[in-house]
Structure formats: C-alpha cells, structure tokens
Amino acid sequence: MTLYMFMFMFILVVFSSNMPGVCSVRLLGSLNHNTHNIFNVLKYGAKADGQTDDSTAFLAAWNAACSSTGSPVVYVPKMTFLINPAIFQGPCHSNKITMQVAGKLIASTDNSLWSEKSINYWLHFMNVIGLTIEGSGILDGRGASWWTEVNGKKTNQIGPTTLRFTGTMNTIVRKITSVNSKQFHINFDTCNYVEVEGVTINAPGDSPNTDGIHLGQSSNVQIRNIIVGTGDDCISIGPGSFNVNIEGVICGPGHGISIGSLGEDNALAAVKNITVSGVSFHDTQNGVRIKTWQGGNGFATDITFQNVKMDNVQNPVIIDQYYSPYGSPTKGDSNVKISNVLYQNITGTSASNAAIAFECSQSVPCEGIKVDHINLSCNDGKTNAQFLCRNAHVTAVDAGAVSPTPCL
Ligand SMILES: *[C@@H]1O[C@H](CO)[C@@H](O)[C@H](O)[C@H]1NC(C)=O
Ligand SMILES: *[C@@H]1O[C@H](CO)[C@@H](O)[C@H](O)[C@H]1NC(C)=O
Ligand SMILES: *[C@@H]1O[C@H](CO)[C@@H](O)[C@H](O)[C@H]1NC(C)=O
C-alpha cells in the first residue's frame, strides 16, 4: 500500500511541474542558464594588451564552453588580443556552440612559430559539430613579413591559414573580416555542411598564396555575399568538393574563382555539382577558371558559372588542363575529365584578347561545354576578343547571343 501511495505522489509531482503556476520558475531557470553559458575570454585570463599571448585564455574559455550543455557562447569583447597558433578541439558536449567575436585578433609576427614546425594554421577548429563564428570582429594575420621572408623564397611553402576547419559539420562563418593572412585566409578541409555569409577578406594583390576561401574534401557548401580582394584565388575549390553553391561575390584584386588545381602529382580528383553565380570580378588575373595538372585522374562535372560581370580581367573564362606553375608540365596522357559545364550570362571586358580559352587535355577532351548569352570584349575597345578552343566540345544555346564567336 505504501508503494502505491509513493507512486501516486511521484506522478502528482511530475504532472504538477508542467502546470501553469510553475511556469515562471522554469523561465527564470532558463534565463540563469543562458547567462551562465557565456564564456568571456577576459574571465579566463586574457590580457587584451595586444602583446601578451592570449591563446591559453582563449583555449580555456573554449574548453569550458565545449564541455558545457545548452548553447554556449565564447565571447571575445571589442579589444585587441594577440593569439599564437591554437587548436579549438571538438567534439563538444553541445551541438550548438558559438564564438562571438567583437574584437580584433592579431597573429604573431614571429615567423618561426610556424615555419620551424611547418604548422599550417593560426586558428584551427577541429571536429566540432554545430559551430558558428560570427561578429564584426577582425582576424589580422599580419602576414607582411611572412610573404617576403618565408613564402616569397620558396614555392609550395606550408604556412598558416588564418581560419582552418577540419572534420567539422554544420559550420557557419558570418560577418567576420580576415585581413593579411600569412597564407590562406579561410580553409574548409573534410567538412560537411558549411555556410559562409557576409564575410570580408582583404590582402594586397601581390601577397603570395593568400587564397580567400579554399575548399577541399568538403560537401554541401553555401557561400553567399562575400567581398574578397587578395593575392591569390578569391575562392578555390579543390579535389573532393561536392554540392557547392556560391552566390554573390565581389572579387578583386586576386586570381578569380578557381576549380582546382586538380590532379597534382598524378592524383585522383573528383568534383561535382558546383554553381557559381552573381559574381563581379575587377582587375583580376582570371575570372572563372578550371585548372588541372597533366597526369591526374578523375573528373570535374556538373558545373555552372552564371550571371558574371568582368571588368578588366586577364583571362575571363578559362579551362587550363596544362597547369604547371613550377616548371615544365609532367608529360602524362591521363588527365582529369571535364564535362557538363555551363557558362551563362557572362558580360564585360577582358584585359587580354583571350576572352574565352578552353585549353582541354589531348587525351581526355572536355565534353558538354555549353555557352549561352556571353558578351565579352577587349577593354581597349579596339582589339577583337577571341574564343579559343583546344580539344573542347562546345555547344551554344543560341550562337547569335555569344560574342566572341564560339568555336563549335
Ligand atoms: C547540388 O548542390 C546544391 C547546393 O549544395 C544542392 O542544393 C543540390 O541538391 C545538389 N544537387 C544534386 C543533384 O545533388
Ligand atoms: C545577368 O547577370 C547580371 C549580373 O552580371 C544580372 O544582373 C542579370 O540579372 C542577369 N540576367 C539574367 C537574365 O539573369
Ligand atoms: C555586346 O555589348 C556591347 C556593348 O557593351 C553591344 O554593343 C553589343 O551589341 C553586345 N553584343 C551582343 C551580341 O549582345
């Protein structure tokens, strides 16, 4: 009998906790819970003097947030923090963790911190699920001495990416500004479900290897409304990229938006379902480019470039299957197969006469290249712009709406 009484009372308690009168208590509880969930780096010992390395404090705040439940927020107030290379490691307890950056993070100018151990990141987020990095904050890689003293002396130098993500899922990067990265600004490698929105990226046009956003082995990527001026590709899409949608980019200076390079060192490369639309390029080396190395294998397929404006671009539309920046191309009769590429509504001016150049592989010709509503002219207003093809199978939706005249 006492057992039944106990169970009855237990049920009563459970039900009463859902009754209206108890609501306010629960609301208060959740408010406390939220304020408790903000992890201000200052509370974890950050000095914010721009001179002392604050990475230990940042990692302590991160670790506390990462092991917390609810929706933890690491908060970086509007001050300046010197941060040495740091790994923000997941997985975290919560799958909704935010880093809110109001302040400015600056990297060390001591190049040996990276060059001696070949460290390829400054701020590295690893294996986190449901991470948002947002705010009006600035990440300043202070790359000037790296460009001249380290990178300028060696090709293919391993060096720090300002914001590197590996093995993450559901990542959002919003509004952040990245300036003067030592090498890449932002890199997603082995990530799934990525959103980048409203980000600004800035470095001098002659800074080496400072790609804006580089994707590798990553899928389901949305990049929207970003502004990139830098010394290398504004966006580069590497091997293993699938389902990528890029919409709204202002690019220049820089090397344009590039799929590749693919197939380096005879590697197998696969890229599929890439859409690039609503882009304006000004004073860039390339506009929309696909580049592969001779000797590689695999495919790049189902690619659309549309609604693109060119202003004084050296190679507005280019496929280069003879890419070889470090000397003569390796002779190989294999190559990455390029197929099903649509170029639509592309207008503006070219700085060279090669407005469109499809330089496809001899052994593996391009197939299913489609052009529609293109009007590109030379920026001097005199020279005839050219449409060049080698080993490319090109069709036009309406040949009359494509200028220069396509090689069909
Ligand atoms: C192609 O990628 C886009 C953008 O990520 C996605 O919405 C779409 O479903 C993909 N299409 C196919 C056929 O997988
Ligand atoms: C063509 O592209 C431009 C951007 O360069 C865009 O403003 C325009 O709406 C596009 N036209 C069509 C028909 O989509
Ligand atoms: C291309 O644009 C120029 C002006 O920039 C215009 O005069 C010309 O008619 C256009 N050609 C086509 C084929 O649309």
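When a ligand or atom number is given, it counts from 1 through the structure's own listing order. Scope of the values below: all heavy atoms of this structure, side chains included, with no hydrogens, waters or symmetry mates. Remember, predicted model here, so these are calculated numbers, not experimental data.
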**OP:** Show the numbers, then the answer: is there a disulfide bond (SG atoms under 2.5 Å apart) between Cys407 and Cys389?
**Re:** CA-CA 6 Å; Cys407 32; Cys389 298; 1.9 Å; yes
Original post:
Given the side-chain rings of Phe387 and Phe358, with only the six-membered ring counted for Trp, is the space between their centroids under 6.0 Å?
Top reply: yes
Original post:
Out of Gln321, Lys337, Arg390, Gln294, which one pairs with Ser361 under the side-chain contact (heavy atoms from CB on, under 4.5 Å) rule?
Top reply: Gln321
Subject >> atom 9 (O) of ligand 3 protein-contacted (non-hydrogen atom, under 4.0 angstrom) >> reply: no
Original post:
atom 7 (O) of ligand 1: which protein heavy atom is closest, and how many Å away?
Top reply: Gln222 NE2, 5.0 Å
**OP:** State the atoms of ligand 2, each with its element, that fall below the 4.0 Å cut-off from a heavy-atom position in Asn345.
**Re:** 1 (C), 2 (O), 3 (C), 8 (C), 10 (C), 11 (N), 12 (C), 14 (O)
Original post:
Is a side-chain donor-acceptor pair under 3.5 Å present for Ser145 with Thr109?
Top reply: no
Original post:
Do Ser403 and ligand 3 have an N or O pair less than 3.5 Å apart?
Top reply: no
**OP:** With salt bridge (charged side-chain N to carboxylate O under 4.0 Å, His left out) as the test, would you mind laying out the steps for Lys272 and Asp302 before giving the verdict?
**Re:** CA-CA 6 Å; Lys272 190 176 158 83; Asp302 299 344; 3.0 Å; yes
Original post:
Which protein non-hydrogen atom lies closest to atom 6 (C) of ligand 1, naming both residue and atom, and how far is it?
Top reply: Asn273 ND2, 4.2 Å
Original post:
Which residue and non-hydrogen atom of the protein lie closest to atom 4 (C) of ligand 2, and at what distance in Å?
Top reply: Asn307 O, 3.9 Å
**OP:** May I ask you to check whether Thr383 and Asn353 show a side-chain donor-acceptor distance below 3.5 Å?
**Re:** no
**OP:** Give yes or no for whether the N/O distance cutoff of 3.5 Å, strictly under, is met between Asn243 and ligand 1.
**Re:** yes
**OP:** Tell me which protein heavy atom sits closest to atom 5 (O) of ligand 3, plus the residue, atom name and distance to 0.1 Å.
**Re:** Asn375 ND2, 4.6 Å
**OP:** Could you verify whether a donor N or O on one side chain and an acceptor N or O on the other, from Ser207 and Trp147, lie under 3.5 Å apart?
**Re:** no
Subject >> atom 13 (C) of ligand 1 within contact range, any protein heavy atom under 4.0 Å >> reply: no
